Each structure stands twice: as C-alpha cells, then as structure tokens.
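What follows is one structure encoded as structure tokens, with my remarks underneath.
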Amino acid sequence: SREVHQKLSPWICYRPGPTPSVVFLKTHRTRASTVQNLLFRMGERDAATFPHQGYNFNYPGKFQSEFVDELPSGSDHFDIVMTADPIFITILRDPVHTFGLSLLFYSCLHSKNPVTFDVGINNHVWTSSWPADLASLEESFNLVMIAEHFDETLILLGALLNLELKELAYVHINSRAIKDVHPLHDATKAKIKAWNNLDDWMYGYFKEIFLERVKQYGRVRLQREVKLLRASTQRIRQKCLARNGVPPEELEDLVRPWQTKSLTILGYEVHRNLTKQEQGFCLRMVLPEHQYHAHLYYQQYGRDMKAG
Ligand SMILES: Nc1ncnc2c1ncn2[C@@H]1O[C@H](COP(=O)(O)OS(=O)(=O)O)[C@@H](OP(=O)(O)O)[C@H]1O
C-alpha cells in the first residue's frame, strides 16, 4: 500500500549489469518465505518486474500466465512470464516437518503429498511415469534448496545469482510461537512419512542431488563460506533488530505478519536509531510477505493492490 511504500522507499539502489530473471516456486512450510524475502530484495535492487495475482496466483489452481492480468505499460505476457532462460529455484524440506504444519495453515491444502502437488506432479499415487517426472523436474530447476541445510543452500543460491553476503542476510520469516510448536512422536513421524510417501521420495531424491552439488562446489570451501555468512548475518541482525520473536499484538501494522486461526506467527521490531538507508534495508529484511507484496505492487503500478 501507499503507506508501506512510503516507509520503505529510501533504500532503492539499482545495480548495474545484467539482471537475472528468476522463477521461484514457493512450497509450503519449507522456509520458503525466508528465501522469497531475499529474492524480493534482489528484485527491487534490479528494478525487476514482478507478476501479481493476489498473493498466491489462485493457488491451489495451476499457475497460468493469463493470471498476470495487470502488466506495466509496454510489456506483454510473454515478456513477463517467459523471459529468456529464467533461473528456476525451489526449496524442499523433510515432509515429516512440513506436513502437519501445512494442514494447520491452509485448510484447503491437498491432504496427501502437498509438496508434490506444489511442484505440479501427480500427488495421488505412484505411477510408472514418476521417475521420469522427477528427472524432468531436476532438469527444469537450476537449484532445489534443502531447508535442513539452509545456510549451505543459501551459499549455492548466492553463487547462482551472484549475491553478496549482505544480500543473503535473513531472519526466519513466519516463525510460530513456541506454544504452537509440538514435537512429534516417532510413531506419528512414521505415519506422516507413509501417508506422504511421494513427498518423502521426492525429498530424498533432491537431497541426494544437493549432496552431489556440495561435493562439486567443494565441501571445505562451502563450510568456509557458511561461516562467513553466519558471521555477517549475525552482525546485520544485531545492527537491525531491537526485538526478536515479537507477538503480533506488539507489532505495528507495517511489520505484523498475517495470522492464521490456529497459529500465532511472530515478527521483528527494527531499531529506531538507524539512518534512513539502514532502516530501508532492515525493514525489508523483516517485512512479512503480504506487506512486501503490497509494496512491490504499489511500486510497479502506482496504486494499492486489490483486496482478496
Ligand atoms: N533459516 C531458517 N532456519 C530455520 N527455520 C526457518 C528458517 N527460515 C524460516 N524458518 C521456519 O520455516 C517455517 C516457515 O516456512 P515457510 O516460510 O515456508 O512457511 S509458509 O508456508 O510460507 O507460511 C517456520 O517454521 P516454524 O517456526 O517451525 O513454524 C519458520 O520459523
């Protein structure tokens, strides 16, 4: 909205050079909002165009380029959805941890193999086309991040998109309040795994590929860079954050995450004694996704996003 936009506008710093075109497939409860936040920051840096259709492109319907119905003047669907050689990225997490959470979050969610559904392959039963489907997914995606190795995959993302350490700094977006975190018993974990056998299989497949990528990159080099990333992120968090894990009622509208009926989602408060430039950076790092969408929309179209 205009208000969000006005509070955020001082930060923009375009970077010269070619700007990559990126497609990020956002899976559910996989730490994807945290990745999305840094991709939004990168897009702003590059004055990129973002497609919008509400907040979620009609999910759980399939994505269609026609959804991107409001285009900046002078562009057409082809420009926006099909730019040459986009970089495809997604993130997966062990289904044991995402499954129950997804159901709590989205009552409309497909109840079996929700992540397989998210990536667009048959999520009901194993069919003989499954191995080929996975292979073609692997071919389509330049990087499948693995949430359990978040910082390691972030380094791979940084290498792919040519991002600096500062641009990879993050806070955990969409964290649940501790009262809403219930550890699972082993028997429940086994049941979830069996119920979501396709998600589990896909996760295992891409985890192997990730480990292979790590080998190619160089384990020692990766660990060294992860250490640097953690130190830099730590410094940035100290500089930016006045408070972590703040309940919604104590946050101003700008930084209050969207809440669900069953879960409390926590947010962050940014220090007040920052320069305008620093404040622009720090606010963006903690900005919940709805506010960030609204800001990008306003920036692109010069008007507020329609409700709904
Ligand atoms: N970097 C990093 N490390 C560890 N955990 C992280 C990280 N980033 C996000 N999170 C946790 O990811 C959960 C939210 O996932 P999503 O952003 O995919 O959720 S959503 O579907 O978009 O709502 C949510 O998990 P829970 O707090 O367990 O619910 C976030 O706290």
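For ligands, and for the atoms within them, numbers begin at 1 and follow the listed sequence. These figures come from a predicted structure and were not determined experimentally.
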Note: ligand 1 atoms sitting under 4.0 Å from heavy atoms of Y170 are 1 (N)
Parallel, tilted or perpendicular: rings of F50 and F40 (30°, 60°): perpendicular
Of R31, R93, H97, the residue with the heavy atom nearest atom 10 (N) of ligand 1 is R31
Exercise. Is E164 salt-bridged to R45, going by a charged N under 4.0 Å from an acidic O?
Worked result: no
Exercise. Are the side chain of E148 and the backbone of D94 linked by a donor-acceptor contact shorter than 3.5 Å?
Worked result: yes
Counting from 1 in the order shown, the ligand 1 atoms closer than 4.0 Å to a non-hydrogen atom of F150 are 1 (N)
Looking only at non-hydrogen atoms, the one of V171, T34, N174 nearest atom 24 (C) of ligand 1 is N174
T30 heavy atoms within 4.0 Å reach ligand 1 at atoms 15 (O), 16 (P), 18 (O)
message = Please tell me whether E225 and Y217 have a donor and an acceptor in their side chains that are separated by less than 3.5 angstrom.
response = yes
Quick look: I173 vs ligand 1, heavy-atom contacts under 4.0 Å, and the answer is backbone
> Ignoring hydrogens and geometry, is there a side-chain-to-backbone donor-acceptor pair from T90 to V144 under 3.5 Å?
Replying inline: no
Side-chain heavy atoms of P248 within contact of T264, under 4.5 Å: yes
Near K26 (heavy-atom distance under 4.0 Å), the atoms of ligand 1 are 22 (O)
